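Since the structure comes first, as structure tokens, the remarks are kept for the end.
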Amino acid sequence: MDLSYTEDQDALVRTAREFTRKEIIPKAAHFDETGEFPREILKRAWDTSLMNVEIPEAYGGLGGSCLDNCLVQEEVSFGCSGMNTSMAANSLGATPLLVAGTEEQRKKYLSRLTSEFLFCAYCCSEPDAGSDVAGMRSRVTRHGDDYVLNGQKRWITNGGVVDADTPGVKTGRKEDKMGQRASNTTDVIFEDVKLHKSQLVGTEDGGFKVAMKTFDRSRPWIAATAAGVIRRSLEESRNYALERKTFGVPIAQHQAIQFMLAEMAISYEATRLLTHKAAWQVDKGDLSAITSAYAKAYGADAAMRASTDAVQIFGGYGYTKEYPVEKLMRDAKLLQIYEGTSQIQRVVIARNVLGRQV
Ligand SMILES: Cc1cc2nc3c(=O)[nH]c(=O)nc-3n(C[C@H](O)[C@H](O)[C@H](O)COP(=O)(O)OP(=O)(O)OC[C@H]3O[C@@H](n4cnc5c(N)ncnc54)[C@H](O)[C@@H]3O)c2cc1C
């Protein structure tokens with residue numbers, strides 16, 4: 001068993017780390033404060049091939065693996081998980097085509113994402129159907145060779161920035177969020193949207209399976225995002241603990257602080273290993289919802305804990321915007337909510353543990 005990276009992966013991590021240091025970290029607080037969309041930064045990420053990592057070379061992409069994408073996402077999330085979410089949503093939107101698209105569909109849509117700086121969105125959740133994906137109310141009806149789509153989607157990342165010129169596709173309200181404010185989240189409304197049968201991804205009754213397979217491939221990314229948040233929480237906390245003095249000594253000398261740092265270090269290592277195992281399984285074509293669920297559930301909860309402890313280590317200063325740890329805490333919360341909440345991951349895991357016994 002060899003956990004080392006290939007030379008290409010080493011280079012990819014170096015590129016993503018350098019990009020994060022130069023382009024993302026200096027601007028992260030600004031985009032968090034304003035809630036503006038960081039288009040220029042993301043354009044440079046696109047130029048640097050840090051977006052659309054998993055699109056095959058045949059369609060102009062990097063041809064990277066799920067693990068490659070996780071490596072990039074950890075680095076970008078170290079700087080700003082909101083910006084990472086904007087970038088990752090492009091991979092999410094592209095994944096159904098990788099799972100079930102025809103050659104023509106892949107050529108048409110995936111090649112556009114690599115030849116033009118464009119965003120796409122994955123529109124699954126609805127106002128009354130988030131966890132309960134099967135409860136969605138959007139409807140497609142057949143009209144000869146065409147389909148007509150009606151419905152309303154909610155919480156759609158990149159919903160307001162996609163280039164959606166098909167008549168009847170509208171962007172609804174933009175959410176004013178607690179964290180990950182550099183990502184754009186809106187309603188997307190479909191009103192009598194005409195679609196040709198050539199636009200059907202998979203089969204008429206196969207959409208739910210495509211959506212689930214998409215999540216199996218994307219959940220390792222959330223765990224990778226969590227790893228980035230935990231590593232940043234640890235680094236900021238370590239540096240502060242060595243500087244800040246109470247009772248005549250750096251707080252790093254208090255065992256209570258040391259133990260919080262040690263817990264962060266353990267959870268970083270564990271999150272990374274779970275992420276890499278889940279990604280490795282995806283890359284072997286062994287789509288196992290359960291490993292992705294372990295990685296997502298553990299990583300999201302660990303990131304929430306690590307970022308909350310980081311605020312604690314900073315004391316009163318941690319509760320202000322003077323330091324980046326309160327942003328880490330607000331950003332981390334989303335990891336427990338989107339792409340299947342922490343509870344839903346446990347439902348999946350418990351079902352797997354219990355099999356058909358209940
Ligand atoms: C910023 C942001 C970006 C997002 N981006 C996207 C996107 O790009 N595309 C997309 O399709 N969706 C996106 N989502 C939607 C996200 O996936 C949903 O919010 C999430 O799945 C939860 O659904 P819900 O909000 O309807 O909560 P609900 O499903 O109403 O859940 C409410 C609470 O009940 C719990 N719960 C529900 N069912 C069960 C159960 N069976 N057992 C135990 N507990 C349960 C949940 O864990 C949660 O705590 C995004 C959400 C946010 C906030």
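Predicted model only: the values in this text are computed from it and were never measured. One-based numbering, in listed order, for ligands and for the atoms of each.
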Can you check whether a protein heavy atom sits less than 4.0 angstrom from atom 15 (C) of ligand 1?
yes

Hey, are Arg330 and Asp32 close enough for a salt bridge, meaning a charged N less than 4.0 Å from a carboxylate O?
yes

Could you measure the distance from the CZ atom of Arg232 to the NZ atom of Lys327? Nearest 0.5 Å is fine.
8.0 Å

Looking at Lys107, I want to see if its NZ is surrounded by more than 12 non-hydrogen atoms of other residues, nucleotides or ligands under 6.0 Å.
no

Enclosure of Arg44 CZ (heavy-atom neighbours >12, cutoff 6.0 Å):
yes

Flag Tyr122 as yes when one of its N or O atoms lies below 3.5 Å from any N or O atom of ligand 1, and as no otherwise.
yes

Salt bridge Asp301-Arg346, side-chain N to carboxylate O under 4.0 Å
yes

When only distance counts, is Gly340 in polar contact with ligand 1, meaning an N/O pair under 3.5 Å?
no

Short check: is a protein heavy atom less than 4.0 Å from atom 33 (C) of ligand 1?
no

Closest to atom 20 (C) of ligand 1 by heavy-atom distance, out of Thr185, Ile156, Ile337, Ile344, is Ile337

Cation-pi check for Tyr59 against Arg106: NZ or CZ below 6.0 Å from the six-membered ring centre and within 45 degrees of the axis, yes or no?
no

What protein heavy atom sits nearest atom 24 (P) of ligand 1, and how far off is it?
Gly130 CA, 3.9 Å

For Glu339, the atoms of ligand 1 under 4.0 Å from one of its heavy atoms are 17 (O)

Tell me whether Lys284 forms a cation-pi arrangement with Trp280, defined as NZ or CZ under 6.0 Å from the six-membered ring centre and within 45 degrees of its axis.
yes

Heavy atoms only: which of Val188, Val347, Thr341, Asp132 lies closest to atom 46 (C) of ligand 1?
Thr341

When only distance counts, is Ser125 in polar contact with ligand 1, meaning an N/O pair under 3.5 Å?
yes

How close does the nearest protein non-hydrogen atom get to atom 3 (C) of ligand 1, and which residue and atom is it?
Thr157 OG1, 3.4 Å

Got more than 12 heavy atoms from elsewhere within 6.0 Å of CD, Glu33?
no

Heavy-atom protein contact below 4.0 Å for atom 12 (N) of ligand 1:
yes

Atoms of ligand 1 close to Lys177 [distance to a heavy atom under 4.0 angstrom, numbered from 1]:
1 (C)

Asp216 side chain to Leu287 main-chain N or O, any donor-acceptor pair under 3.5 Å?
no

Ring pair (Phe, Tyr, Trp, His ring centres under 6.0 Å) for Phe215 and Tyr338? Distances and angles first, verdict last.
CA-CA 11 Å; Phe215 286 133; Tyr338 65 4; over 10 Å; no

Considering only protein heavy atoms, which is closest to atom 37 (C) of ligand 1, and at what distance to one decimal place?
Ser131 OG, 3.6 Å

Close-contact set for ligand 1 against Gln343 heavy atoms, below 4.0 Å:
43 (C), 44 (N), 46 (C), 47 (O), 49 (O)

Name the closest protein heavy atom to atom 7 (C) of ligand 1, giving the residue it belongs to and the distance to 0.1 Å.
Trp155 O, 3.3 Å

Any chance CD of Gln312 has more than 12 other-residue heavy atoms, nucleotides or ligands included, within less than 6.0 Å?
no

I'd like to know if atom 29 (O) of ligand 1 has any protein heavy atom within a distance of less than 4.0 Å.
yes

How far is atom 53 (C) of ligand 1 from its nearest protein heavy atom, and which residue and atom name does that atom have?
Leu334 CD1, 3.4 Å

